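Taking it in order: structure first as structure tokens, then the write-up.
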There are 2 protein chains.
Amino acid sequence: MDNPDKNHIGTILKQQRISLPLTLQELAGKAEVSASHLGRIERGERFPSAHILRKIAAPLGFEENELFTLAGYLSSQSPRTAERLPTYGSGQLDPYVARVLSQEPPEVQRAVIGILTMLRSIAKSMDK
Amino acid sequence: MDNPDKNHIGTILKQQRISLPLTLQELAGKAEVSASHLGRIERGERFPSAHILRKIAAPLGFEENELFTLAGYLSSQSPRTAERLPTYGSGQLDPYVARVLSQEPPEVQRAVIGILTMLRSIAKSMDK
DNA sequence: ATTGACATTTGCCAATTGGCTAACTACAAT
DNA sequence: ATTGTAGTTAGCCAATTGGCAAATGTCAAT
């Protein structure tokens, strides 16, 4: 209702926090940022300043660079690192996605693709 | 008087601007940031947000990374992202999975992770 | 059902950011 | 000297951030 746009950095932060797993309070403790603020960030009611972003990077296991990029504060690739990203087909693989998926066993990775394929065919049939 | 501490990012920004040389107004035009704000930043009365910092990087000939570091938003050297690609954490990303996913738009890639997260939490709750 | 212990969300508010506009400050050229 | 003009600074203010404390939600154990 309040926040139709699910495409904020908070979504990623929350997924990462849950997967660790950490509570908001624990993260708040480690990062030295108030839990209430973190909560609002996760649900997109606030947007973390660079200062806050930096504080939470390590506790969440992100590199500062990576997090700044995900938050849209740094453009996706600084020239130096640009060429290292593999380009399969036409698009690029989101580094965060790669990172999360690679922590899953191969069969889960494949299963994910299976689900994606199913969703595509469902979407296609609804289209008609 | 107001600002005894000369050790702010503004000092660097001003030196760079002068050396180009650019006026505040010209920089304001290129960066799409108000000249008054830029002026205050240069004399340390305001501190640029990540958003503003990003806008002025190119016009001043800085790399975004560099500027964020100078401003103290990024620690001096984040370990290079090179070489981290093949192994995130302990696992590897299946090349086929990478290829399929990378052809999807970023929001779909993210959605996939969202689904994975949900499945994990479902699995966990069934576990108990 | 109730209690207790955590976890999350909300209400409130001080502090900061950043834009707009109106002063001020050079410094030329008449 | 005076006017013009480009550049910088200051006053004001709406919007945003982020902390604290209180309210609310969650859930296991009685």
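Because the structure is a prediction, the values reported are computed rather than measured. Chain A is the first sequence line, chain B the second, and so forth, proteins listed ahead of strands; every chain is numbered from 1.
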message = For A:Y73, give me all partners under ring pair (Phe, Tyr, Trp, His ring centres under 6.0 Å), at least two apart in sequence or on another chain.
response = none
ask   = Can you check the B:E26 CD to D:dT8 P distance for me, whole Å?
value = 9 Å
note = To the nearest angstrom, the CD-C1' distance between A:E42 and C:dT9 comes to 12 Å
query = How close or far is atom C1' of D:dT26 from atom CG of A:L24, stated in whole angstroms?
reply = 14 Å
ask   = Bend across the helix from C:dA1-D:dT30 to C:dT30-D:dA1, to 10°, with axes taken over 5 pairs at each end?
value = 10°
ask   = For B:E45 and D:dT9, what is the distance between atoms CD and P respectively, to the nearest whole Å?
value = 8 Å
message = Strictly below 4.0 Å: does A:R43 bring a side-chain N or O up to OP1 or OP2 of C:dT10?
response = yes
key: Which residues share a side chain to side chain contact (heavy atoms under 4.5 Å, CB included) with A:E26, sequence neighbours left out   = A:L22, A:T23
inquiry  = Applying side chain to side chain contact (heavy atoms under 4.5 Å, CB included), can you list everything that pairs with B:I12, at least two apart in sequence or on another chain?
reply    = B:I9, B:F62, B:L70
ask   = Rounded to the Å, how far apart are B:Y73 OH and C:dT17 C1'?
value = 10 Å
query = Between atom CD in A:Q25 and atom P in D:dG19, what is the gap in whole Å?
reply = 14 Å
A:L13 CG - D:dG18 P separation (whole Å) = 13 Å
ask   = Which residues satisfy the side-chain hydrogen bond (donor to acceptor under 3.5 Å, both in side chains) test with B:R17, sequence neighbours excluded?
value = B:E42
ask   = Tell me, do B:L20 and B:L27 make a side-chain contact under 4.5 Å, heavy atoms counted?
value = no
Output one line per pair: protein atom, nucleotide atom from nucleotides 18-22 of chain C, and distance, for all N/O pairs under 3.5 Å.
residue : atom : partner : partner atom : Å
C:dG18  : OP1  : B:S49   : OG           : 2.2
C:dG18  : OP2  : B:H37   : NE2          : 2.8
C:dG18  : OP2  : B:S49   : N            : 3.3
C:dG18  : O5'  : B:H37   : NE2          : 3.1
C:dG18  : N7   : B:R46   : NE           : 3.1
C:dG18  : O6   : B:R46   : NH2          : 3.0
C:dG19  : OP2  : B:S34   : N            : 3.1
C:dG19  : OP2  : B:S34   : OG           : 3.0
C:dG19  : O6   : B:R40   : NH2          : 2.7
C:dC20  : N4   : B:S36   : OG           : 2.8

task = Begin with the C-alpha distance, continue with both residues' side-chain angles, and end with the deciding distance and a verdict on side chain to side chain contact (heavy atoms under 4.5 Å, CB included) for B:V112 and A:V97.
result = CA-CA 8 Å; B:V112 160; A:V97 171; 5.7 Å; no
ask   = Quick one: A:H8 NE2 to D:dT16 C1', roughly how many Å, whole number?
value = 17 Å
Backbone of A:G72 reached by a side-chain donor or acceptor of B:R54 within 3.5 Å = yes
Distance-only donor-acceptor pairs under 3.5 Å for side chains of residues 29-38 of chain A, two or more places apart:
residue : atom : partner : partner atom : Å
A:S34   : OG   : A:S36   : OG           : 3.4
A:S34   : OG   : A:H37   : N            : 3.2

task = Rounded to the nearest 0.5 Å, what's the gap from CD on A:E63 to OG on B:S75? Could you check?
result = 9.0 Å
